[in-house]
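Written out below as structure tokens is the structure these notes cover.
Here the structure is a predicted model, which means the values were calculated and not measured. In what follows, chains are A, B, ... by sequence order, proteins preceding strands, each numbered from 1. Any value given below was found using the heavy atoms of this structure, including those in side chains, with hydrogens, waters and symmetry copies removed.
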There are 2 protein chains.
Amino acid sequence: MARARVTLADIAARVGVSPKTVSNVVNDSGWVGAEVREKVLVAIEELGYRPNLAARQLRRGSSGVLALALPTLAEPYFAELASVFVDVAHDRNLTVLVSQTGGDRAREVEALDGVRLPAIDGLIMSPLGLEAVDVQERRRDISLVLVGEHGERVAGDGEHHVGIDNVAAAAAATAELIAQGCRRIATIGVQDEGPTETSRDRFDGYALALRQAGLPLDEALTGHVHEFNRAEGAVAVQRLVESGAEFDGLLCFNDSLALGALYALGVRGLSVPEQVRVMGFDDIADGRYSMPPFSTVAPGREALANRVLDIIAAPDATAPGHHEVPFSLVLR
Amino acid sequence: MARARVTLADIAARVGVSPKTVSNVVNDSGWVGAEVREKVLVAIEELGYRPNLAARQLRRGSSGVLALALPTLAEPYFAELASVFVDVAHDRNLTVLVSQTGGDRAREVEALDGVRLPAIDGLIMSPLGLEAVDVQERRRDISLVLVGEHGERVAGDGEHHVGIDNVAAAAAATAELIAQGCRRIATIGVQDEGPTETSRDRFDGYALALRQAGLPLDEALTGHVHEFNRAEGAVAVQRLVESGAEFDGLLCFNDSLALGALYALGVRGLSVPEQVRVMGFDDIADGRYSMPPFSTVAPGREALANRVLDIIAAPDATAPGHHEVPFSLVLR
DNA sequence: ACTGCTACATTCAACGTTGAATTAAGCCGA
DNA sequence: TCGGCTTAATTCAACGTTGAATGTAGCAGT
């Protein structure tokens, strides 16, 4: 399996030129005669030469490779985000490699330090455990862009962050439920511990929309969770229903929660959307074929990826801090 | 942002020792006195030294980094597989970086060649467009392990492949439906074009189980699809129902198809599991909170990842060819 | 014949790290 | 006192690539 590597020098020896000339052919740099170029290309083909990227990067100082560090790929939102990032980057002739941190502070710091990552040009991270001080105290030689709401807090004014306006998005989603006739709108996804930025922003938007519509904010309609996944969504709805709370609308802080909620509503025999209208967040693929269907907030994933890559391409052309990308409502 | 890199030489100069001694401290190699070690560690902390991985790999010839190339992260099966791989590898002190090829032959070949990948020690790939000749004709200096059914064909006897016995798994799943009382079992997921290995194996298992139970194989109960996703699953069921086919069991060739099928069954007013029992494949997280619930075949993901990493760790200790890992049925 | 130019190709050194070989110093026992 | 052993640190070269500097023709122009 592990045959010896073919190097520039091997090609050079075979053709009878210097390694540098071969390098020039490979990189289309310098002056190379047509005849020599041809012979070199033939030799490369015959011997199966592949540039050693470690050596190239060591010399050049850059690799054209970016890393995307996410809490988990098991959550569809992150998996789909990763998918979009890779594709958008591919169109730009960049490679994005995806890494999974588990949302663990230590592993996120490791990613920042480039521990166990190959030499990369830039790091895109959606942190969960990271603290602002972790970013501030270490000098980096690569560019960093943070995404996600926790990332926004960590970034502060000193680092790049890209994301949607969560408060506005949650307010728009809530307003839509109200427009559809809901008057008692429950919410699922309030978090009381850990990185709660997302939760808080979305709750703020929810509260804002209620206030603007002159509806009361009822603590009994607030479903608390530990994490944003189906299991927690199901349990939260179960608790709400058992507590005797009555509601005709349900704002879930992401689609996984919404899918879990639909499950629990189904078990309880509550029909969607007749008895309860459900709204989610993230527009993940699972939600598109959910039965019954529910509406959701679509963050502009392509827009996000493009914005991030713009910043990575020219980190100093953009002032650090928060950069906003648009969202939209998907009604089903 | 891009501050100058701190090198071993910088640390060495500050402490007043040779770079090699600093290297020894960093790698716990060679003999270093307690006092010098301490001073070096302090300097490393103060200056924020981080080893240059490109240089290290160039010198060492290996990086401890593996790449996992998948068709897409947008499909939950692959995303969850990636998640498991990263975690299992992390436990073994290895890094797995995930790449997305789109199932495109050219991009899969690029991955094989290491184009636009940082220097890595091993490649794990679930191919879709790749051909056996692509693998055979290029000499590689890294170890390769293929996964997935198309990968099994590409691997042949000359390359490593790890996977479950799809025929047996599909047969077991079908036998379970029969044991639950189903007599007319439809199937969804037969493919007529592209990389159809998965589809064929599962259909063979389905046919085998029917034969063993003395049940007829009815072509009218066969749902054809182009891809394994929710949309196709929904459409396939719709077609089956509209064709007038009657069935009390439904074997879907993966969970995404099953979720789409459930959607279509729901729209048609067919109740699950009363009127139709549904069985899927892959045991993805979405399926676990599906309403109504359905059973599925769980491939041993951890077992798969561990087997693959065993092989990568010692590629020559294992004969190339197919290596099997167990599956199990998850009944809901 | 001399200068200056163009087109090609080469040499040299360096990117940062680390195995292998070497040196240096301290200590022990004969 | 000498050789031999242990501990500690060093020097050297090389991993494969590529910028910068340099060399060498051949040819045009004066």
Take the protein atom [atom1] of [X] and the nucleotide atom [atom2] of [N], then report the distance between them rounded to whole Å.
| X | N | atom1 | atom2 | answer |
| --- | --- | --- | --- | --- |
| A:Lys20 | C:dA14 | NZ | P | 16 Å |
| B:Arg50 | C:dT17 | CZ | C1' | 16 Å |
| A:Ile11 | D:dT18 | CD1 | C1' | 16 Å |
| A:Leu53 | D:dC15 | CG | P | 18 Å |

What I want to find out is whether A:Arg37 reaches A:Asp28 closely enough, with some N-O distance under 4.0 Å, to be called a salt bridge.
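Judged by the 4.0 Å cut-off on N to carboxylate O distance, A:Arg37 and A:Asp28 do form a salt bridge.
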- Side-chain donor or acceptor of A:Arg59 under 3.5 Å from a matching atom on the base of D:dT18? yes
In terms of the nearest nucleotide of DNA chain D, which residue is placed more toward the 5' end: A:Leu8 or B:Ser18?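 Result of the comparison: B:Ser18.
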Between B:Trp31 and B:Arg60, the residue closer to the 5' end of DNA chain D by nearest nucleotide is B:Trp31
* Could you tell me if the ring centre of B:His323 sits under 6.0 Å from that of B:His161? => no
The residue, B:Asn27 or A:Pro19, whose nearest nucleotide of DNA chain C is more 5′ is A:Pro19
Is a donor on one side and an acceptor on the other found under 3.5 Å between the side chain of B:Glu108 and the backbone of B:Leu130?
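Yes.
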Counting N and O atoms only, with roles assigned by atom type, does the side chain of B:His160 sit under 3.5 Å from a partner on the main chain of B:Gly321, one being a donor and the other an acceptor?
->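 Side chain of B:His160 to backbone of B:Gly321, a donor-acceptor pair under 3.5 Å: no, none is there.
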Margin query: Heavy atoms only, 4.0 Å cut-off, all strands: where does A:Thr7 land among base, sugar-phosphate and nothing?
Written below: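 Sugar-phosphate contact only.
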inquiry  = Applying a 4.0 Å non-hydrogen cut-off, can you work out what A:Val36 is touching in the nucleic acid: base, sugar-phosphate, or nothing?
reply    =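 Since only primed, P, OP1 and OP2 atoms lie under 4.0 Å of A:Val36, the category is sugar-phosphate.
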